[in-house]
Protein chains: 2
Amino acid sequence: MTADSTRRRILEESLDLFGTRGVDGVSLDDIAESVGVRKQSILYWFNSKATLVDAVLDHAADELLTVVEAAVRSRGDDPLARVDAVVCAVFRPVVRRPALLGLVREVGRLDPRHLNHLRQRLDPVIQACRCYFESEMHRGRLRRCDPALLAGMLYATVAGVGTEPVVLESLGWTADTAGLRQLRRELRRYVRATLAP
Amino acid sequence: MTADSTRRRILEESLDLFGTRGVDGVSLDDIAESVGVRKQSILYWFNSKATLVDAVLDHAADELLTVVEAAVRSRGDDPLARVDAVVCAVFRPVVRRPALLGLVREVGRLDPRHLNHLRQRLDPVIQACRCYFESEMHRGRLRRCDPALLAGMLYATVAGVGTEPVVLESLGWTADTAGLRQLRRELRRYVRATLAP
DNA sequence: TCACGTATCTACCAAGTGGTAGACAACTGG
DNA sequence: CCAGTTGTCTACCACTTGGTAGATACGTGA
C-alpha cells in the first residue's frame, strides 16, 4: 500500500523539519511540499497539527528508546562501560539526524500537554537510570553525586553535542568523517571522566 | 526620556520571549503587548523583525560576555578555579533567565546572516579560551584532550542545564532555592571532574 | 508663534496560517 | 457491475503575520 507509506513519510519529514527548524517554524504546507503531497493529505492522516506533533514525538521517542534499551542490555556489568555503550549507540543516530534530539529539546516550549505526553513515555527509562546510578554509586563504581542531576547533565552534554553542530563548527570543528570520529572519541572520554569514582 | 527606555524595554521583552518560545513562536504583536505598546512602535525602533533579532542577539551577547570576562579576570592562576569561576558567574544569570542561552541556542536555526553576526561577536572569546585550554594542557593542569571540543562540551553541558529546566524537572528536580543551590554544586563538581588531569 | 523632528498611534494590506467542505478517482467485496 | 470505502485533491475561509501609510500629539529651538 502506498497509503501507510504516506503516513510514515509525513512522520519522517515532520521529524526532520520540526527538529531542525522548530515546530513553529514549519507550516503544514512546508511538510506537504517535502513529502510531495498536498496539505490536506496531511490533515487526512493527522487531523490537526497538534496531533501530528504528538505522533512525531512518539516516533522520535520510539527511535531513541529502541537504541538506548538495546545498548543497555548489550553490555555486561561495569557501569562505565554501560554508559559508554549508550553514548556510542546514541551518537550515530543523533549526529546523523540532529532533529531527533532537537525535537525532544523543542518540547520544553510546547504545550504542557505535549510535554506530559512525552514525559509519561520516557519516565520508566528515566527512573530505571536513576536507580541504576544510585546503586552503582553505593557500590563505589560511580562518582558519588546526585544521580538524577548526573543523568540530567549527561543528557545535556550529549544532546548539546548532537543538536548544535553549529556551535562546534564555530570552534573550528568540521563535520566530516574524521571530525565525527574525533568528536565521538572526545565525547566518550568526557563522559567517562565525569563518571569515574 | 521615555523614548530610549521604550527601546530598551522592547529589547528586554524580546530577549525573554524569543529565548523561551523561539523567534518564530513570538509575533511582534506578542512583544508589543508585553511592552505595553503597539506593534508599530516596535517597527519604529527596529525597522523589521530581522533587525530586532540582530539587536536582541547583540544584547544577549553583551550580557553574557560581560559576566564571563569579569569572572575570568577575577580569579588567579589555577585553570580549574578559573573555569569554576566562570560556571558560577554564568549560573545565576542563566538559570534566572533561561532565555539568555536559549536565544544563543536558537541561532542555529536562524539565517546564516544572524549566525555570522553572533559568531563574529563571540569569536575572540572562543579563540582565547581555546588557546588557554591548550597551554594549560601542556602544563599538565588540565586533562589532555582536544581543547576546542572540550570547550564545546562544556558549553553544551552548562547551556543544557541552564536552558532545559523542564528536563531536570522530569528527573524529579525542583526549581526552588534549595534545588538551585544543589544544581549549582553538582554542576561545578561535574565540570571539575571533566577537567581534572 | 511656528516649522520641525520625535514618538506613538489608527487604519490598512498582501501573504501565509491551520482547518473545513466536498469533488474525484481508484480500488474493494458481493 | 455496482455500492462503499479509502486516499488525494481543489476550492474556500477566518485569522494571524510582518510591514506600509499617514494622522496625531508633543516638545523645542528660531
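By convention in this document, chain letters (A, B, ...) are assigned in the order of the sequence lines, proteins followed by strands, and residues within each chain are numbered from 1. What you see is a predicted model; the values in this text were computed from it and never measured. Hydrogens, waters and symmetry mates are skipped; everything else that's a heavy atom, side chains included, is used.
Across the protein-nucleic acid pair, A:Q40 atom CD and D:dC13 atom C1' stand 12 Å apart, rounded to whole Å. The distance between atom CG of B:D24 and atom C1' of C:dG16, rounded to the nearest whole Å, is 13 Å. Look at CD1 on A:I42: it is 14 Å from C1' on D:dG7, rounded to the nearest Å. Computed from coordinates, the A:L43 CG to C:dT20 P distance equals 7 Å when rounded to whole Å. Separating the CD1 atom of B:I10 from the C1' atom of C:dT8 is a distance of 11 Å, rounded to the nearest angstrom. As a whole-Å value, the separation of B:N47 CG from D:dG19 P is 9 Å. The distance from atom CG of B:L52 to atom C1' of D:dT17 is 15 Å, rounded to the nearest whole Å. If you take CZ of B:R7 and C1' of C:dA7, they are 14 Å apart, rounded to a whole angstrom.
Remark: A:R82 is positioned above the aromatic ring of A:Y132, its terminal NZ or CZ atom under 6.0 angstrom from the ring centre and at most 45 degrees off the axis.
Atom CD of B:E63 has more than 12 neighbouring heavy atoms from other residues, nucleotides or ligands inside a 6.0 Å radius.
Contact annotation: A:T6 reaches the phosphate of D:dT8 (side-chain N/O to OP1 or OP2, under 4.0 Å). For the pair A:S41 and D:dC9, the criterion of a side-chain N or O lying under 4.0 Å from OP1 or OP2 is met. OP1 or OP2 of D:dT8 sits under 4.0 Å from a side-chain N or O of A:W45. OP1 or OP2 of C:dG16 has not a single side-chain nitrogen or oxygen of A:S27 nearer than 4.0 Å.
At a cut-off of 3.5 Å, with distance as the only test, a side-chain donor of B:R105 or B:T163 sits close to an acceptor on the other residue. Inspection of the A:Y190 and B:T157 side chains reveals an N or O donor paired with an N or O acceptor under 3.5 Å. For the 3.5 Å distance criterion, the side chains of B:T51 and B:D54 fail to qualify, holding no donor opposite an acceptor.
Side-chain contact between A:E169 and B:R119 is present, with heavy atoms from C-beta onward closer than 4.5 Å. In this structure the side chain of A:L57 reaches within 4.5 angstrom of the side chain of A:V53, judged on heavy atoms. In this structure, the side chains of B:L15 and B:R97 come closer than 4.5 Å at one or more pairs of heavy atoms.
A heavy atom closer than 4.0 Å to some atom of DNA chain C occurs in A:L28, A:D29, these being the qualifying members of residues 28-37 of chain A.
Side-chain N or O atoms of A:W173 include none that pairs as donor or acceptor with a backbone N or O of B:A148 at under 3.5 Å.
End-to-end axis angle for the helix from C:dT1-D:dA30 to C:dG30-D:dC1, using five pairs per end and rounding to 10°, comes out at 10°.
Applying the 3.5 Å distance criterion, the base of C:dG19 shares no donor-acceptor pair with the side chain of A:K49.
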Using the side-chain contact (heavy atoms from CB on, under 4.5 Å) rule, take A:L17 and A:S34 through it: C-alpha gap first, then chi angles, then the decisive distance, then the call. CA-CA 9 Å; A:L17 292 173; A:S34 293; 3.7 Å; yes
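Distance from the side chain of B:R38 is smallest for C:dC9 among the nucleotides C:dT17, D:dC9, C:dC9. When distances run from any side-chain atom of B:Y44 to the nucleotides C:dG19, C:dA7, D:dG19, the shortest one goes to C:dA7.
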